[in-house]
Amino acid sequence: MRTIWLASYPKSGNTWMRMLIANLSAKDAPVDINNLPERGGIASARPPFDHLLLIDSGLLTHEEIDCLRPRLYETLANGAEDDEHDTAPDQTPVRFVKAHDAYTLTPQGEPLLAGERGADAAIVIVRDPRDVAPSLANHLHRDIDDAIAFLNDRQAVLCAKPDRQHNQLRQHLPGWSGHVASWLDQTDIPVHLVRYEDMQSDTVAVLRGLLNFARHPASEQDISRAVRFADFSELQNQERAWGFREAPQNGRNFFRRGETECWRDELNAEQIARIEAAHAPMMQRLGYELATAVALARAG
Amino acid sequence: MKFYRVSGLSVASEIVLPGMNVSPPQCAPQVTIRPGPVPHSIPHASVAGPTWQIAGKTFLLRIPGIARFLLIDGRENVFSPETEASTADIPIFIVGTVFGILLHQREQVVLHASAVRVNGKAVLFCGASGSWKSTIAAALAQGGYPLVTDDVCSLSVSASGAPTVYPDGRQLKLWAQAINRLDLVQRQGERVRTRLEKFFVEPGAVFSEPLALGAVYVLREARPPHAPGIEKPNVVDTALLLRRNAYRPLLVRRMEQMATYFHAAASIANSAGIYHLTRTLDFTSMPDMISTLERHWQELHLREKAA
């Protein structure tokens with residue numbers, strides 16, 4: 001079975017992508033958003049570490065955990081299950097695994113995600129950072145200026161508070177540009193780049209393209225049905241009706257607007273300028289047109 | 001030599017085991033712990049993972065940068081530090097991770113659980129690392145229910161089918177946030193490891209008599225579709241539920257002990273009951289959760305507090 005990372009900065013369409021893939025196997029009705037038929041979970045989940053390495057991660061430092069994480073991904077890529085079941089889960093041709101970690105090296109200099117021993121390839125999903133900012137603010141229950149500071153911080157980390165144990169392992173998010181660059185510029189595994197904006201404008205074509213890349217068989221009928229079943233309004237309806245287990249614990253919705261260019265009505269000029277000043281080169285590389293002259297000057 | 005009682009077993013150790021209760025010297029201890037040479041791998045391993053190997057009655061665990069541990073037949077634990085600096089970090093791994101594996105090796109039913117005493121019986125809270133087992137046990141201990149064990153809980157199921165829990169008076173291990181939010185600063189002891197903000201916490205009353213089992217709660221976070229509360233799972237699911245809450249579930253399968261856990265689940269379901277306890281990871285909801293538990297104990301006729 002092939003393993004493929006679904007790698008993205010948070011709030012960039014990763015969950016929508018997982019919903020699309022999960023709905024490929026749905027026949028009569030959309031899959032339950034709280035019970036996805038998926039194998040992978042998220043790379044930074046803590047339980048598989050303790051389960052397969054037999055070591056209590058709660059007694060290790062973040063650096064010690066990082067040194068061992070490549071062993072975990074090698075083991076999982078070799079077919080180990082990350083939990084105990086009575087019957088083995090259905091075999092799927094590809095194991096897609098969400099990852100918000102940047103592509104970094106451990107203190108011992110090996111790829112944290114185990115390079116080609118951890119996965120066959122990566123699908124990297126990117127979204128205009130000006131749209132990531134308000135979505136991240138909603139998710140973290142912080143204001144937009146804080147979210148922009150996080151987006152611009154090359155030392156940013158998730159799940160790293162020293163006085164408690166987070167349910168995920170620490171993740172490095174070295175600024176939006178640093179995160180995207182870490183994945184696009186690594187040479188260990190092949191990458192397929194997907195822009196959130198293209199997922200919006202032509203979901204069928206994007207899904208078809210990434211399934212070809214992943215060598216995941218699917219008929220045109222499967223693809224168009226999955227796109228219909230994972231339509232944003234369907235995901236919102238399910239979240240309204242039953243809640244979503246991955247929603248922030250602050251009572252806010254996970255599936256918020258799901259639109260492109262929200263930043264035009266959600267950010268002020270100063271906020272737009274801060275994001276563009278920090279990320280102009282990567283934004284231009286990905287085809288996101290800059291709105292401010294300052295950013296253009298810096299990028300030039 | 002230091003002597004301890006750990007999960008009902010007499011232990012002789014050449015190093016101090018932090019957070020464990022010292023016992024009188026034993027001439028024939030059931031488990032010995034000592035430093036010694038430990039290989040990097042063992043020949044003819046039949047089962048192996050990225051950090052461990054099993055060959056017959058020998059188990060090798062490597063915690064890189066800390067130590068290698070050789071467990072022989074559930075009786076001997078030989079350890080070898082990986083660096084000079086790591087020696088101080090070894091004992092905490094012995095009392096948790098390594099002793100848990102040793103109990104698996106002894107074919108005991110060993111759960112990833114913390115427990116308190118309620119009206120003379122042991123009530124267990126099971127869950128993976130970070131599921132708030134210790135936090136809930138600490139809050140209950142503060143409310144007058146003595147601590148039975150933390151993190152590792154050994155059970156025996158007798159021929160008559162009544163499960164028994166072995167307390168060992170070990171100290172709680174809690175993160176700084178939980179200590180502050182539960183107002184336990186007065187009882188805070190040493191750091192568990194110098195580099196972690198996780199501390200031993202004095203549990204209060206300590207006792208060592210085996211206890212009958214009162215109830216087993218499997219912890220689950222309140223996320224859709226699961227709302228906070230107590231729920232009895234389908235009887236068919238209880239065997240898998242218990243096995244998934246073994247100290248190291250992978251070893252139950254790899255050591256071919258699934259039948260043992262299947263029988264233990266049946267025995268627990270008949271005598272005490274296995275329940276899901278769904279809770280939010282929120283300190284402010286702790287009093288409500290304790291009230292929910294106390295109401296449930298009343299229904300189970302476990303209610304009155306231990307003296």
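Protein chains get the first letters and strands the later ones, always in sequence-line order, with residue 1 at the start of each. Keep in mind the model is a prediction, meaning the values are calculated, not measured.
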remark   = From the list A:Leu54, A:Asn78, A:Leu72, the residue making the most non-hydrogen contacts under 4.5 Å with chain B is A:Leu54
message = Quick check for you: among A:His166, A:Gln165, A:Glu246, which has the greatest number of heavy-atom pairs under 4.5 Å with chain B?
response =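 Between A:His166, A:Gln165, A:Glu246, the count favours A:Gln165.
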Part of [X] lying under 4.5 Å from any heavy atom of chain B:
X: A:Leu60; value: both
X: A:Arg71; value: both
X: A:Asp83; value: side chain
X: A:Asp56; value: both
X: A:Thr75; value: side chain
X: A:Ala80; value: neither

key: Partners meeting salt bridge (Lys or Arg N to Asp or Glu O under 4.0 Å) with B:Arg187 (sequence neighbours left out)   = none
key: Any residue of residues 103-110 of chain A which, by heavy atoms, sits under 4.5 Å from chain B   =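 So no residue qualifies.
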ask   = Listed by residue number, which members of residues 1-9 of chain A have a heavy atom under 4.5 Å from any heavy atom of chain B?
value = none
4.5 Å side-chain heavy-atom contact, B:Trp52 and A:Leu52 =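 Result no, sub-4.5 Å side-chain heavy-atom pair not found.
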task = Compare all side-chain heavy atoms of A:Glu74 with those of B:Pro50 and state whether any distance is below 4.5 angstrom.
result =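 Heavy-atom side-chain distance check fails, nothing below 4.5 Å.
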Counting only heavy atoms closer than 4.5 Å, note whether [X] contacts chain A via side chain, backbone, both or neither.
X: B:Ile179; answer: neither
X: B:Pro64; answer: side chain
X: B:Leu251; answer: side chain
X: B:Asp89; answer: neither
X: B:Ala239; answer: neither

Ignoring hydrogens, what is the shortest heavy-atom contact between [X] and [Y]? Give both atom names and the distance.
X: B:Arg223; Y: A:Ala247; value: NH1-O, 3.7 Å
X: B:Pro224; Y: A:Trp242; value: CB-O, 3.3 Å
X: A:Gly58; Y: B:Ser129; value: N-OG, 4.2 Å

ask   = Do any of residues 188-197 of chain B have a heavy atom less than 4.5 Å from a heavy atom of chain A, and if so, which, in residue order?
value = B:Val192, B:Arg193, B:Arg195, B:Leu196, B:Glu197
Any chance you could measure [X], atom [atom1], to [Y], atom [atom2], to the nearest 0.5 Å?
X: A:Arg164; Y: B:Lys198; atom1: CZ; atom2: NZ; answer: 14.0 Å
X: A:Glu64; Y: B:Ile63; atom1: CD; atom2: CD1; answer: 9.0 Å
X: B:Glu221; Y: A:Arg245; atom1: CD; atom2: CZ; answer: 8.0 Å

Considering residues, nucleotides and ligands other than [X], do more than 12 of their heavy atoms fall under 6.0 Å from its [atom1]?
X: B:Phe283; atom1: CZ; result: yes
X: A:Arg154; atom1: CZ; result: no
X: A:Gln155; atom1: CD; result: no

query = Quick one: do A:Glu84 and B:Arg244 make a salt bridge, cutoff under 4.0 Å?
reply = no
key: B:Thr97 side chain to A:Ile55 backbone, donor-acceptor under 3.5 Å   = no
